[in-house]
Amino acid sequence: MRAISVLGSTGSIGTQTLEVVEMLGNIHVAGISGNKNIDLLEQQARKFRPRLVAVMEETYAKELKARLTGTGCQVLSGMEGLIAIATMTEIDTVVTSVVGNVGLEPTFAAISAGKNIALANKETLVSAGQLVMDLAKEKGISIYPVDSEHSAIFQALQGNQGNQIHRILLTASGGPFLGKTKAELQNVTIADALSHPNWSMGKKITVDSATLMNKGLEVMEAKWLFGVETNQIEVLVHPQSIVHSAVEYADGAIMAQMGEPDMRVPIQYALTYPKRMANPFPKVDFTKRGTLTFSHPDTETFPCLSLAYRALETGGTMPAVLNGANEIAVAKFLSGEIGFLQIPVLIEKTMNAYTVQESRTLADLLKADKWAREFALHTN
């Protein structure tokens, strides 16, 4: 029986990963981590009996440690805890499903320790794509994408190694505000932004979907994961979320991966690659799905996508700045400090105020990320 660890086991991807693991029955969960939801983390620890459990905040870690007395689970805290979970001797794969730049250091540590990565933490490649891919190549490990779009691209590439990619067609649902104008978005509420039509996700990624920043981050991920140029990645709005993404080859042939919008499918493929295992998850019935539509994104109303392209083309430490500023902007929106339309404004102000640096080390990127957060935090 192989063993894995799950960083962010109490989040949307993490809980679905554990559901898939339980369904498969041949994977041991050796380590899990969470943040403040220690009730769920305790339940997971009692159910899966991991050797290590990590909690970011020390006070929550102390409480969980008391609760898990006698279970054989060792409770750790802070970044050191996450890194310990990511580098456990007995595991072969780390599922990185934490949200935000907190995933950077443990992912680097896992790769350095020779662990394969089932990647759901997109910020890792957004901020440090070149460094991550270079290190993965050096260590000879595999990165299996968990995002539905990148998993779709990964699947469309199978059997086509050596064939020239013309375009990657990255699909987007359009989020809850598809078709809205800026005037209509002026007074949207937090609840409005968190009402995604197709996917059940955490708050941060759901707001990113509403602003189209999520798609911008995925464009940045795709560049590094699949070794293509920025101008080879085209975003298409596809509200039905049946075509999860596609690859067009030099001869004009397009390979697409389709299915119901269910994150458990790409999670399972990342854990069982290259095998496809039977599962009880819903299957698509095209006769009931009706018309599938595609359109170009409205980057005037949703400028975050353009900001992501700009950061990617600028390079250096700018992607880390964009990502850090976005995390602060989303947090400010969710706390009621700024309105929905101020999210891209704050990100652009931060980018405009920054002097880009070449990113040669992880420390360079973490420094840029810290600068962006501080600037965005204290800017209206």
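Atom set for the values below is all heavy atoms of this structure, side chains included, hydrogens, waters and symmetry mates excluded.
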Measure across [X] and [Y] and return the closest heavy-atom pair with its distance rounded to 0.1 Å.
X: Tyr249; Y: His166; value: O-CB, 3.6 Å
X: Leu119; Y: Glu221; value: CD2-OE2, 3.9 Å
X: Lys215; Y: Ala172; value: CE-CB, 3.3 Å
X: Ser195; Y: Pro176; value: O-CB, 3.2 Å

Regarding [X] and [Y], does a basic nitrogen lie under 4.0 Å from an acidic carboxylate oxygen?
X: Lys47; Y: Glu22; value: yes
X: Lys283; Y: Glu260; value: no
X: Glu42; Y: Arg46; value: yes
X: Asp369; Y: Arg373; value: yes
X: Glu123; Y: Lys204; value: yes
X: Glu229; Y: Arg167; value: no
X: Asp92; Y: Lys115; value: no
X: Glu313; Y: Arg310; value: no

Would you say the side chains of [X] and [Y] form a donor-acceptor pair under 3.5 Å?
X: Glu58; Y: Ser77; value: yes
X: Asp192; Y: Thr189; value: yes
X: Arg2; Y: Thr93; value: yes
X: Asp208; Y: Asn326; value: yes
X: Gln268; Y: Asn279; value: yes
X: Glu149; Y: Thr171; value: no
X: Gln158; Y: Tyr273; value: yes
X: Asn121; Y: Ser97; value: no

Side-chain touch [X]/[Y], heavy atoms, less than 4.5 angstrom:
X: Leu131; Y: Phe108; answer: yes
X: Ile85; Y: Ile32; answer: no
X: Ile13; Y: Met263; answer: yes
X: Thr211; Y: Phe340; answer: yes
X: Asp147; Y: Pro266; answer: no
X: Val94; Y: Leu7; answer: yes

- Stepwise, does the side chain to side chain contact (heavy atoms under 4.5 Å, CB included) test hold for Val21 with Ile4? CA-CA 10 Å; Val21 166; Ile4 67 170; 3.9 Å; yes
Can you confirm whether more than 12 heavy atoms, excluding those of [X], are under 6.0 Å from its [atom1] atom?
X: Asn380; atom1: CG; answer: no
X: Lys275; atom1: NZ; answer: no
X: Met23; atom1: CE; answer: yes
X: Met277; atom1: CE; answer: no

Separation of [Y] [atom2] from [X] [atom1] (nearest 0.5 Å):
X: Asn323; Y: Ile347; atom1: CG; atom2: CD1; value: 9.5 Å
X: Leu41; Y: Tyr60; atom1: CG; atom2: OH; value: 12.5 Å
X: Phe302; Y: Leu185; atom1: CZ; atom2: CG; value: 5.0 Å

